[in-house]
Amino acid sequence: ECVGPDKLRVRPPSRRDGPSGGSKTLFFSLQLLKKVLPNAAIKGVRSARRSVINKDDKKSPTRYEILVEGYGLQEVMAVPGIRSSKTTSNHVIEVEKVLGIEAARRT
């Protein structure tokens, strides 16, 4: 179910088989979702192996960051909604290829 332009809600199938086997069906459905969802590419960047949403409570208002593990700085910067001026990378060679030598020196 699409909740908004940037949110997706995933629910297990509804329990239709009554109280006898419903909890087992729900358990296995949740286990299947837990196994399958990490491999789903929601938006674009397949070269990203893992991503984590980081919540920063220290600043007001609360800020959220997406930490991405993998390659593809240029693809990440091209995703709609990402502020490319705030995007950083610790892969110096990739920064040099995408943004140039001066940006790589500042990394």
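Taken from CD1 in Ile101 to CD in Glu96, the straight-line distance is 4.5 Å, to the nearest 0.5 Å. Put simply, CG on Leu73 and CD1 on Ile93 are 13.5 Å apart, with the number rounded to the nearest 0.5 Å. We find the CD-OG distance between Gln74 and Ser89 to be 12.5 Å, quoted to the nearest 0.5 Å.
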Given the rule in the side chain to side chain contact (heavy atoms under 4.5 Å, CB included) test, do Glu102 and Val95 qualify, once you have shown the distances and angles that lead to the verdict? CA-CA 9 Å; Glu102 286 301 317; Val95 171; over 6 Å; no
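Taking each heavy atom of Leu67 and Asn54 in turn, the nearest pair found is CD1-CB, 3.9 Å.
Counted within 6.0 Å of CD on Gln31, heavy atoms from surrounding residues, nucleotides or ligands total more than 12; the atom is thus considered enclosed.
Counting only distance, with no hydrogens or angles, the side chain of Glu94 and the backbone of Tyr71 share no donor-acceptor pair below 3.5 Å.
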